[in-house]
There are 2 protein chains.
Amino acid sequence: MKDVAAAAGVGLKTVSRVVNGESGVTPEMAARVQAAIEALGFRRNDSARLLRTGRTASVALLLEDISDPFSSALSRAVEQVAAAEGCLLFTGSSGEQPHREKELALAFCARRVDGLIVVPAGHDHGYLLPEVESGTPVVFLDRPGSIAADAVLSDNAGGAKAGTAHLIAHGHRRIGFIGDLPTIHTAAERARGYREAMAEAGLPVDEKWIDCGPTDRARVAAAVHRLTTGPDAVTALFTANNRVTLAALHHLPATARPALVGFDDLELADLLTPALTVVAQDPVALGALAARRLFDRLAGEASPPARLEIPTLLIPRGSGETPPGEG
Amino acid sequence: MKDVAAAAGVGLKTVSRVVNGESGVTPEMAARVQAAIEALGFRRNDSARLLRTGRTASVALLLEDISDPFSSALSRAVEQVAAAEGCLLFTGSSGEQPHREKELALAFCARRVDGLIVVPAGHDHGYLLPEVESGTPVVFLDRPGSIAADAVLSDNAGGAKAGTAHLIAHGHRRIGFIGDLPTIHTAAERARGYREAMAEAGLPVDEKWIDCGPTDRARVAAAVHRLTTGPDAVTALFTANNRVTLAALHHLPATARPALVGFDDLELADLLTPALTVVAQDPVALGALAARRLFDRLAGEASPPARLEIPTLLIPRGSGETPPGEG
DNA sequence: CTGAAAGCGCTTACAG
DNA sequence: CTGAAAGCGCTTACAG
């Protein structure tokens with residue numbers, strides 16, 4: 001910019017004005033500056049500009065794993081809102097590791113992102129307190145955080161309850177629940193919804209029917225096997241997230257399958273035989289709302305932190321409507 | 001930082017040294033600075049630091065649509081390499097719109113990202129020339145760009161050729177090809193592979209068998225209908241990307257289906273009836289190689305721009321092994 | 001071991 | 001309409 005000013009024989013401020021399209025520059029002056037800009041191949045350094053301005057026109061989205069379809073759908077929704085606000089988007093994956101979540105979040109804050117959307121991996125977000133206090137808005141997404149800040153969540157309990165009730169309505173009394181690690185908020189909430197539906201129907205829950213743990217194939221396969229064989233086998237299964245459902249589908253016998261309802265929709269769910277009944281989340285709505293909230297905070301919204309919930313949708317397709325003893 | 005220096009009664013440089021863990025500070029001095037840092041809640045502003053340093057420790061990945069499973073897999077792979085290099089990652093989606101690609105790419109460059117990985121939406125990348133010349137490495141991913149720069153691609157023609165040859169090997173002579181817009185490089189390459197396989201087998205290609213266009217459901221449905229009905233119906237179909245395959249699966253009759261091979265793997269492909277035979281790309285390898293290449297350039301690698309190709313993998317699962325007239 | 005000066009590339013306030 | 005000065009928050013190069 002200094003070079004451009006020198007080449008055009010004008011002051012720095014005039015170049016700045018031309019670059020920013022500000023008014024109050026004579027056409028001839030502007031033309032001279034423009035010529036110098038092109039001759040030198042000048043391109044404004046936005047990082048420098050933003051340093052002076054105080055904001056960075058960027059927000060960060062901290063996900064569990066961007067390659068997961070749920071995460072990537074969130075990401076696109078956030079990106080769209082950010083773009084409309086003229087903000088660029090940093091993304092990062094914690095891989096469900098609390099130390100990585102913290103490391104990435106603080107790295108984003110050190111860059112002075114204007115705001116931060118976090119899908120929590122850990123349970124202690126005290127490290128974000130100084131950032132929040134110094135004015136960086138934080139919105140938790142998909143799971144609540146441990147500090148006072150907005151949170152945008154699915155109605156996990158309600159969805160699981162509806163899915164379980166759906167199985168009950170189709171005659172099932174012995175229903176298995178295979179979920180994620182109970183330390184994960186969404187997993188705990190979905191288990192709660194399952195229990196609520198059973199309780200409201202007056203059905204006893206055998207604790208052996210509830211199997212929570214990591215979502216790797218082997219563990220889910222073992223759970224499926226344990227729950228669906230033997231004299232005490234369940235007649236229906238509620239699989240509490242997309243990875244569990246996927247793994248279960250791979251390990252369920254082709255014939256004599258229990259009824260199945262999964263939490264989270266899958267891309268080819270409707271083409272399976274039978275088609276898969278799911279409780280679908282709306283990741284686009286979740287991401288958009290979280291981003292909207294973040295920018296509202298940035299715009300000065302000062303109401304107390306809120307927990308916003310997005311409803312889920314039960315989509316009956318076949319696998320959840322088979323009566324017990326048939327399947 | 002100035003405040004910290006004042007509070008600790010030391011020079012600015014001493015604070016800088018403590019913050020950066022540089023040696024050459026007496027323990028008592030360091031303790032005093034540390035105390036001031038904590039009292040004031042000081043956190044270093046990396047953006048300012050990086051302005052002085054000349055780099056930004058960030059790279060950008062410009063995708064077609066981050067919510068697409070192929071894109072999000074690329075993204076995770078790139079992120080992993082970037083993280084290992086201590087770089088944060090900007091992501092953005094062009095939505096297949098050239099003007100948006102340009103807008104985003106230039107915005108990233110204006111932030112002075114250290115490097116840029118682009119999945120091209122447009123065909124003219126002349127606008128990136130000044131950036132490349134001024135030292136910002138650019139790597140094209142999935143599709144080549146119009147300027148001299150590294151490109152990391154799948155073996156699209158080879159994969160489509162293998163998939164088509166597979167159908168031929170199973171007795172098909174009338175094979176339909178449903179693809180993306182022919183202006184998209186990958187689509188054109190896959191069509192070329194199809195033609196090559198047919199030619200090598202000495203099979204004539206009726207131009208009516210080749211249907212290229214946008215990948216929306218309606219258009220693909222029409223193509224499927226046109227190709228698979230009437231006296232001239234094909235006995236097999238090659239669907240040239242994940243969206244086309246998905247749409248075709250939804251519109252193919254449940255019975256009397258033509259044999260089917262799809263380009264790109266799908267998450268539940270193995271659980272369909274019949275299971276879906278695909279030519280799988282390796283998005284993780286693609287993303288990792290592109291990122292690797294970018295950082296090699298950043299590290300000074302000065303060889304001429306190269307086109308790097310990742311092989312595809314034919315995965316026979318059932319839908320591509322049915323002979324003609326059975327289906 | 002420690003710090004005052006200059007500068008990264010821009011903008012904000014302020015004179016002319 | 002135009003520009004010189006000061007400053008955003010840090011680091012680099014250099015004295016002490």
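Quantities reported herein were computed from a predicted structural model and do not represent experimental measurements.
- Taking atom CZ of residue A/R112 and atom C1' of nucleotide D/dG9, one finds them 9 Å apart after rounding to whole Å.
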Inset, instruction - List the steps and the verdict of side chain to side chain contact (heavy atoms under 4.5 Å, CB included) for A/R293 and A/R297. - result: CA-CA 6 Å; A/R293 190 74 180 175; A/R297 290 295 182 193; 3.1 Å; yes
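- Between the side chain of B/D65 and the backbone N or O of B/G95, no donor-acceptor pair lies under 3.5 Å.
- D/dA4 is unpaired under the Watson-Crick or G-U wobble criterion, no partner having all donor-acceptor distances under 3.5 Å.
- For B/Q34 against B/V18, the heavy-atom pair with the smallest separation is OE1-CG1, 3.6 Å.
- Rounding to whole angstrom units, CG of residue A/L12 and P of C/dA13 are separated by 17 Å.
- Shown here, D/dA13 forms no base pair; nothing in the strands shown gives a Watson-Crick or G-U wobble contact with both key distances under 3.5 Å.
- Look at NZ on A/K2: it is 14 Å from C1' on D/dA4, rounded to the nearest Å.
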Inset, instruction - Would you check, one step at a time, whether the test salt bridge (Lys or Arg N to Asp or Glu O under 4.0 Å) holds for A/R243 with A/E64? - result: CA-CA 13 Å; A/R243 283 183 300 270; A/E64 186 206 325; 3.5 Å; yes
Legend entry - B/E131 vs B/R112, salt bridge (Lys or Arg N to Asp or Glu O under 4.0 Å): CA-CA, chis, key distance, verdict: CA-CA 9 Å; B/E131 314 295 337; B/R112 295 295 188 271; 5.2 Å; no
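- Of the residues in residues 43-58 of chain B, B/L51, B/R52 come within less than 4.0 Å of DNA chain C through at least one heavy atom, sorted by number.
- Below 30°, between 30° and 60°, or above 60°: for B/F90 and A/F90 the angle between ring planes is below 30°, a parallel geometry.
- Smallest separation of non-hydrogen atoms from B/L50 and B/A57: CD2-CB, 4.2 Å.
- Nearest heavy atom pair, residue B/V78 against residue B/A291, reads CA-CB, 4.1 Å.
- Less than 4.0 Å separates DNA chain C from at least one heavy atom of each of the following residues of residues 13-36 of chain B: B/K13, B/T14, B/R17, B/G24, B/V25, B/T26, B/M29.
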